[in-house]
K.L.:
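Pasting a structure below so you can have a look.
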Amino acid sequence: MSDHIVIVAERKGTTLRRVTLEAITAAITLLHGQSGTIHAFLSGSDNDNSLISSANELLQYGVHEVHIAKHAHFEPYQATVVLPALTDVIRELQPKYVVIGHTSHGRELAPRLAAALHSGYIADVTTIESSADKASFVRPIYAGKAFERRHFQGVAPYVLSIRPNNNAPAILVEPVEITNPDEHIHQVNCEGIQLSSIVQHVVKRINEEIDLTEAEIIVAGGRGVRGPEGFAILKQLADELGGAVGASRAACDAGYCDYALQIGQTGKVVTPKLYIACGISGAIQHLAGMSQSRTIVAINKDREAPIFSIADYGIVGDLFEVVPLLTTQLREIRQ
Amino acid sequence: MFKIVVLLKQTFDTEEKIHIVNGAVNEEGAKFIINPYDEYALEEALRIKEQHDAEIIVISVGPERSTHALRSALAVGADQAILIADHTNLSHSSSIAHLLAATIRPMKVDLILAGLFAVDSGSGSVALQVAELLQLPHASAAIKIQLGHAKELHIEESPWDGNLARIERDVEGDTETVLLPLPALITAQQGLNDPRYPSLPGIMKAKKKPLTELFSSDLLLSDALERIAASATSCDQVLSPNARPPGQFITGTAQEQASSLLEQLLERSIIQKGGDS
Ligand SMILES: Cc1cc2nc3c(=O)[nH]c(=O)nc-3n(C[C@H](O)[C@H](O)[C@H](O)COP(=O)(O)OP(=O)(O)OC[C@H]3O[C@@H](n4cnc5c(N)ncnc54)[C@H](O)[C@@H]3O)c2cc1C
């Protein structure tokens with residue numbers, strides 16, 4: 001039996017997001033080597049004619065067919081506006097699965113899509129376990145204090161959203177495989193799109209190039225950082241490492257940094273390769289957002305701080321001393 | 001006057017340890033609270049009521065213990081509460097959404113407020129499924145909400161007559177201002193407000209407020225049941241997180257600690273010598 005799988009592609013500006021490449025990997029896992037077609041749904045206003053190049057890129061990463069939905073209302077992105085176009089594509093293709101990134105964007109689209117299709121939805125999947133006759137999905141519950149394994153019981157299409165940074169991104173397939181890309185790119189009919197809400201304006205609160213939820217390295221600060229100046233020290237280390245800066249809620253509450261940086265149960269959930277917690281005590285609500293990080297380093301003055309119980313490497317010390325040393329030593333190593 | 005429904009779930013206290021017994025979470029002795037995000041939604045409804053006059057109906061799908069959460073909502077100022085008693089399908093988000101939609105549909109509400117997600121299941125899917133089933137526009141992760149006619153909101157041109165909601169929402173760190181016509185559904189993000197605590201007079205008053213119990217069998221018609229069956233997902237097992245290998249403390253002077261840490265990170269290829277990670 002051959003199954004279709006649709007992934008919903010997401011871009012930041014005109015570049016494909018990493019989570020989209022991870023969705024391709026998820027789709028490949030779900031096909032488990034059987035013949036089947038991976039379709040991508042790609043939407044945008046295309047003011048800059050970049051949709052075609054994104055579509056070509058998707059083809060090079062192993063997507064077989066790209067469905068482009070183009071409309072002036074599709075940027076900035078709003079789930080309710082793009083939903084009818086996506087629903088049409090899914091109804092026509094009748095895929096077995098629809099894979100969406102569990103991002104701001106995807107978290108809104110996926111449940112509405114599932115309800116529109118009367119489909120099952122499994123959210124925030126971290127692991128896909130797939131064999132020829134069964135697929136199950138592992139996801140965190142109770143803010144990562146436990147996990148559950150779920151499966152779809154009802155009728156396909158099945159909708160799932162994947163947590164960023166938990167699947168390897170797809171790799172480039174040989175470009176020669178695509179002989180005629182145009183044959184694989186289709187335009188979706190978007191006539192009659194209605195606005196059910198209007199984005200009046202967007203204020204950028206952080207100017208980071210690296211999205212926290214997709215960052216591979218995060219240097220995070222807590223109340224121990226003591227002020228915005230302290231965060232400047234963390235930023236220097238993060239820049240040296242090519243990573244992003246994050247924060248505990250206490251640091252945000254104290255006004256040391258913007259809430260946009262908050263990591264935890266009520267903030268962002270991150271799964272970087274390396275998480276360096278500086279002056280963070282390790283409250284359960286903070287751990288909820290970062291305890292799945294691959295390697296955790298904790299720098300804290302207090303040897304009894306709970307953060308050390310989940311850290312791979314613990315440094316009992318003053319962050320104002322240790323962090324700048326890390327930055328300068330790293331710079332030296334790299335010269 | 002606005003008619004506002006607040007969706008409210010009772011969840012484990014966020015401080016609670018999770019005990020897994022025979023592949024399921026053991027609830028015995030656990031402390032339950034109102035889902036923190038739903039508290040923001042409820043608080044916002046109360047503020048709208050203070051500003052504009054409103055009727056607030058809180059609705060929960062859940063086991064009997066959820067009446068405690070509903071009573072607390074009445075105690076801070078909600079006008080009536082509805083418990084949809086369902087003991088079977090509580091982990092099936094589409095089933096819950098259908099129950100809520102069936103309850104809300106005849107009410108002709110102006111606004112549905114809900115939390116961004118429930119801290120136990122963590123899916124963030126029920127409220128938006130309700131919006132879809134009721135064909136309402138939505139805005140999620142609100143950090144500021146204003147209601148009123150275009151004029152009151154100083155909006156010169158609006159494609160919609162009647163009441164509007166202007167929302168500031170959190171989109172991965174950026175703040176987006178969105179305008180949408182009522183009726184609509186809005187989910188609350190942390191930062192929207194600071195929830196209040198019930199007062200003693202509030203608790204006394206709450207005892208006289210109506211708390212109605214509805215049953216799923218009365219709410220779901222056969223076509224809804226078919227749709228719920230088609231969208232079923234089920235939990236096979238609850239697992240403990242993988243235990244992390246024990247960590248190590250790095251000792252020495254700050255200089256030594258820093259170089260020793262970098263050495264180990266390089267050795268394990270967690271960071272690279274040249275350029276970006
Ligand atoms: C419903 C709810 C949701 C919440 N959601 C979140 C969330 O999403 N994210 C979150 O982070 N928190 C959240 N919290 C708050 C959480 O409970 C903690 O209050 C918070 O994480 C503490 O932040 P902190 O570790 O930075 O501060 P503190 O607990 O004050 O810890 C500061 C640490 O810094 C150390 N320190 C001080 N000076 C130095 C120095 N010079 N060098 C090294 N170390 C130093 C101290 O030893 C201490 O361990 C939530 C709470 C609730 C009730």
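Here is how names work: the chains are called A, B, and so on, in the same order as the sequence lines, proteins then strands, and each is numbered from 1.
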K.L.:
So for B/Ile167, is it side chain, backbone, both, or neither that comes closer than 4.5 Å to the heavy atoms of chain A?
P.N.:
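Interface part for B/Ile167: neither.
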
K.L.:
Would B/Ser125 and A/Arg107 count as having a side-chain donor-acceptor pair, cut-off 3.5 Å?
P.N.:
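On atom types as modelled, these side chains do not qualify, holding no pair under 3.5 Å.
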
K.L.:
Which atoms of B/Ser91 come close to chain A, meaning under 4.5 Å heavy atom to heavy atom: side chain ones, backbone ones, both, or neither?
P.N.:
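Contact with chain A involves both backbone and side-chain atoms of B/Ser91.
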
K.L.:
Flag the one option from A/Ala116, A/Ala110, A/Ser161 with the top tally of heavy-atom pairs under 4.5 Å to chain B.
P.N.:
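Sorted descending by pairs with chain B, the first entry is A/Ala116.
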
K.L.:
Under 3.5 Å, side chain of A/Lys145 to main-chain N/O of B/Glu16, donor-acceptor pair present?
P.N.:
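A pair under 3.5 Å: yes.
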
K.L.:
Do you know which of B/Ser93, B/Ala131, B/Gly191, B/Gly124 has the most heavy-atom pairs with chain A at a distance under 4.5 angstrom?
P.N.:
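So the answer, after comparing B/Ser93, B/Ala131, B/Gly191, B/Gly124, is B/Ala131.
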
K.L.:
Can you say whether B/Ile250 sits under 4.5 Å from chain A via the side chain, the backbone, both, or neither, judging by heavy atoms?
P.N.:
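Both parts, backbone and side chain.
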
K.L.:
Where the side chain of A/Gln329 meets the backbone of B/Ser259, is there a donor-acceptor pair that is under 3.5 Å apart?
P.N.:
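Yes, because the side chain of A/Gln329 sits within donor-acceptor range (under 3.5 Å) of the backbone of B/Ser259.
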
K.L.:
Which of the residues A/Thr80, A/Ile284, A/Val199 is involved in the greatest number of heavy-atom pairs with chain B at under 4.5 angstrom?
P.N.:
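Answer, by heavy-atom pair count under 4.5 Å with chain B: A/Val199.
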
K.L.:
Classify the side-chain pair A/His118/B/Ser231 by whether it contains a donor and acceptor separated by less than 3.5 Å.
P.N.:
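Absent: no donor and acceptor within the cut-off.
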
K.L.:
Quick check on A/Val81 against chain B: is it the side chain, the backbone, both or neither that has a heavy atom closer than 4.5 Å?
P.N.:
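For A/Val81, neither part sits under 4.5 Å from chain B.
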
K.L.:
Need one label for A/Thr295: side chain, backbone, both or neither, based on atoms under 4.5 Å from any heavy atom in chain B.
P.N.:
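Looking at A/Thr295, backbone and side chain both touch chain B.
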
K.L.:
Just so I understand: if I count every heavy-atom pair under 4.5 Å between each of B/Asn242, B/Leu261, B/Leu133 and chain A, which residue has the most?
P.N.:
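Highest number of heavy-atom pairs under 4.5 Å: B/Leu261.
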
K.L.:
For chain B, which of A/Thr328, A/Ile296, A/Val269 has the most heavy-atom pairs under 4.5 Å?
P.N.:
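Going by pairs under 4.5 Å, I would pick A/Ile296.
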
K.L.:
Considering only heavy atoms and a distance below 4.5 Å, find which of B/Leu164, B/Asp170, B/Leu136 pairs most often with chain A.
P.N.:
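Result: the option with the highest number of such pairs is B/Leu136.
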
K.L.:
Pairing donors with acceptors under 3.5 angstrom, does anything connect the side chains of B/Gln190 and A/Gln262?
P.N.:
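A donor-acceptor contact under 3.5 Å links the two side chains.
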
K.L.:
Less than 4.5 Å apart, any side-chain heavy atom of A/His201 and any of B/Glu176?
P.N.:
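No - every pair of side-chain heavy atoms lies 4.5 Å or more apart.
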
K.L.:
Within this structure, what is the CG-CD distance for the pair A/Leu325 and B/Gln255, rounded to the nearest 0.5 Å?
P.N.:
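Interatomic distance, A/Leu325 CG to B/Gln255 CD, rounded to 0.5 Å: 4.5 Å.
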
K.L.:
Measuring heavy-atom distances to chain A, does B/Ile155 have an atom under 4.5 Å in its side chain, in its backbone, in both, or in neither?
P.N.:
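Contact with chain A: side chain only.
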
K.L.:
Please enumerate all residues that pass ring-ring contact (aromatic ring centres under 6.0 Å, His included) together with A/Phe147, with sequence neighbours excluded.
P.N.:
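A/Phe147 satisfies ring-ring contact (aromatic ring centres under 6.0 Å, His included) with no residue once adjacent residues are dropped.
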
K.L.:
Please rank B/Ala118, B/Gly122, B/Ala230, B/Ala184 by heavy-atom pairs under 4.5 Å with chain A and give me the top one.
P.N.:
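Sorted descending by pairs with chain A, the first entry is B/Ala230.
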
K.L.:
Looking at B/Val171, B/Asp120, B/Val238, which makes the most heavy-atom pairs under 4.5 Å with chain A?
P.N.:
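Ranked by heavy-atom pairs under 4.5 Å with chain A, first place is B/Asp120.
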
K.L.:
Which value, rounded to the nearest 0.5 Å, describes the distance between B/Trp160 atom CH2 and A/Ile198 atom CD1?
P.N.:
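That separation rounds to 3.5 Å.
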
K.L.:
Please state whether the side chain, the backbone, both or neither of B/Ile228 comes within less than 4.5 Å of a heavy atom of chain A.
P.N.:
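Neither part.
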
K.L.:
Between B/Leu266 and A/Ile333, is there a side-chain heavy-atom distance shorter than 4.5 Å?
P.N.:
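Yes, their side chains come closer than 4.5 Å.
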
K.L.:
Non-hydrogen atoms of chain A under 4.5 Å away: do they reach the side chain of B/Val25, the backbone, both or neither?
P.N.:
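Only the side chain of B/Val25 comes within 4.5 Å of chain A.
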
K.L.:
Could you tell me which portion of B/Ser94 (side chain, backbone, both or neither) has an atom closer than 4.5 angstrom to a non-hydrogen atom of chain A?
P.N.:
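Answer is neither: B/Ser94 stays 4.5 Å or more from chain A.
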
K.L.:
Can you check whether B/Leu262 reaches A/Leu326 side chain to side chain, under 4.5 Å on heavy atoms?
P.N.:
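Heavy-atom side-chain distance check passes, below 4.5 Å.
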
K.L.:
Can you check whether A/Ser309's main-chain N or O pairs, donor with acceptor, with B/Arg244's side chain at less than 3.5 Å?
P.N.:
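Side chain of B/Arg244 to backbone of A/Ser309, a donor-acceptor pair under 3.5 Å: no, none is there.
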
K.L.:
Verify, without hydrogens or angle tests, whether A/Gln200 (side chain) and B/Arg166 (backbone) share a donor-acceptor contact under 3.5 angstrom.
P.N.:
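No: the side chain of A/Gln200 does not pair with the backbone of B/Arg166.
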
K.L.:
Check A/Ser197 against B/Leu180 and note the closest heavy-atom contact, atom names and distance.
P.N.:
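Closest approach of A/Ser197 to B/Leu180, heavy atoms only: CB-CB, 3.8 Å.
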
K.L.:
So which of A/Leu330, A/Val138, A/Asp253, A/Thr213 has the biggest tally of heavy-atom pairs under 4.5 Å with chain B?
P.N.:
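Of the options given, most contacts go to A/Leu330.
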
K.L.:
Which heavy atom of B/Glu132 sits nearest to which heavy atom of A/Leu83, and what is that distance?
P.N.:
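Answer, listing the atom of B/Glu132 first, then A/Leu83: OE1-CD2, 3.2 Å.
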
K.L.:
Nearest 0.5 Å please: distance from the CD1 atom of A/Ile141 over to the OG atom of B/Ser121.
P.N.:
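Atom-to-atom, A/Ile141:CD1 and B/Ser121:OG are 8.5 Å apart.
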
K.L.:
Only pairs of heavy atoms separated by less than 4.5 Å count here; which of A/Leu274, A/Val322, A/Leu117, A/Asp318 has the most with chain B?
P.N.:
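The option with the most such pairs is A/Leu274.
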
K.L.:
Does any heavy atom of chain A fall under 4.5 Å from the side chain of B/Leu116, the backbone, both, or neither of them?
P.N.:
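For B/Leu116, no heavy atom lies under 4.5 Å from chain A.
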
K.L.:
Where does A/Tyr158 contact chain B at under 4.5 Å (heavy atoms): side chain, backbone, both or neither?
P.N.:
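When you check distances to chain B, no heavy atom of A/Tyr158 falls under 4.5 Å.
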
K.L.:
Under 6.0 Å from the six-membered ring centre of B/Phe249 and within 45° of its axis: does the NZ or CZ of A/Arg303 meet both?
P.N.:
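Yes, A/Arg303 sits over the ring of B/Phe249.
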
K.L.:
Heavy-atom distances under 4.5 Å only: say whether A/Arg294 touches chain B with side chain, backbone, both or neither.
P.N.:
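For A/Arg294, the backbone is the part near chain B, not the side chain.
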
K.L.:
Can you tell which of B/Gly252, B/Ser234, B/Ser240, B/Ser140 has the highest number of heavy-atom pairs within less than 4.5 Å of chain A?
P.N.:
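Going by pairs under 4.5 Å, I would pick B/Ser234.
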
K.L.:
Please look at A/Gln335 and chain B and tell me whether the side chain, the backbone, both or neither of the residue comes under 4.5 angstrom of a heavy atom of that chain.
P.N.:
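No part of it gets close to chain B.
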
K.L.:
Report the distance from atom CG of B/Leu128 to atom OH of A/Tyr121, rounding to the nearest 0.5 Å.
P.N.:
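One finds 8.5 Å between CG of B/Leu128 and OH of A/Tyr121.
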
K.L.:
Examine whether an atom of A/Val323 lies under 4.5 Å from a heavy atom of chain B, and if so say whether it belongs to the side chain, the backbone or both; otherwise answer neither.
P.N.:
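No part of it gets close to chain B.
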
K.L.:
With chain B as the partner, which of A/Glu321, A/Gln265, A/Gln78, A/His151 has the greatest number of non-hydrogen pairs under 4.5 Å?
P.N.:
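The candidate making the most pairs under 4.5 Å is A/His151.
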
K.L.:
May I ask you to check whether over 12 heavy atoms, not counting those of B/Asp223, lie within 6.0 Å of atom CG?
P.N.:
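For B/Asp223, atom CG is crowded (more than 12 foreign heavy atoms under 6.0 Å).
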
K.L.:
Rounded to the nearest 0.5 Å, what separates atom CZ in A/Arg139 from atom CG in B/Leu239?
P.N.:
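Those atoms lie 12.0 Å apart.
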
K.L.:
Rounded to the nearest 0.5 Å, what separation is found between the CG atom of B/Asp236 and the CZ atom of A/Arg150?
P.N.:
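Those atoms lie 8.5 Å apart.
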
K.L.:
Which atom pair, heavy atoms only, marks the closest approach of B/Pro241 to A/Ala146?
P.N.:
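In this case the closest contact between B/Pro241 and A/Ala146 is CD-CA, 4.1 Å.
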
K.L.:
So for B/Ala229, is it side chain, backbone, both, or neither that comes closer than 4.5 Å to the heavy atoms of chain A?
P.N.:
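It is the backbone, since no side chain atom gets that close.
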
K.L.:
Is the backbone N or O of A/Ala115 less than 3.5 Å from a side-chain atom of B/Arg227, with the two atoms forming a donor-acceptor pair by type?
P.N.:
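No, B/Arg227 side chain to A/Ala115 backbone: no donor-acceptor pair under 3.5 Å.
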
K.L.:
Is any side-chain heavy atom of B/Ile271 less than 4.5 Å from a side-chain heavy atom of A/Ile217?
P.N.:
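Contact flag for B/Ile271/A/Ile217 side chains = yes.
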
K.L.:
Please flag which part of A/Leu113 lies under 4.5 Å from any non-hydrogen atom of chain B: side chain, backbone, both or neither.
P.N.:
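Looking at A/Leu113, nothing touches chain B.
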
K.L.:
Under 4.5 Å from any heavy atom of chain B, what part of A/Tyr313 do you find: side chain, backbone, both or neither?
P.N.:
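Both backbone and side chain.
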
K.L.:
Of the non-hydrogen atoms in A/Ser196 and B/Pro137, which two are nearest, and what is the gap between them?
P.N.:
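Nearest pair, atom of A/Ser196 first, then B/Pro137: O-CB, 3.6 Å.
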
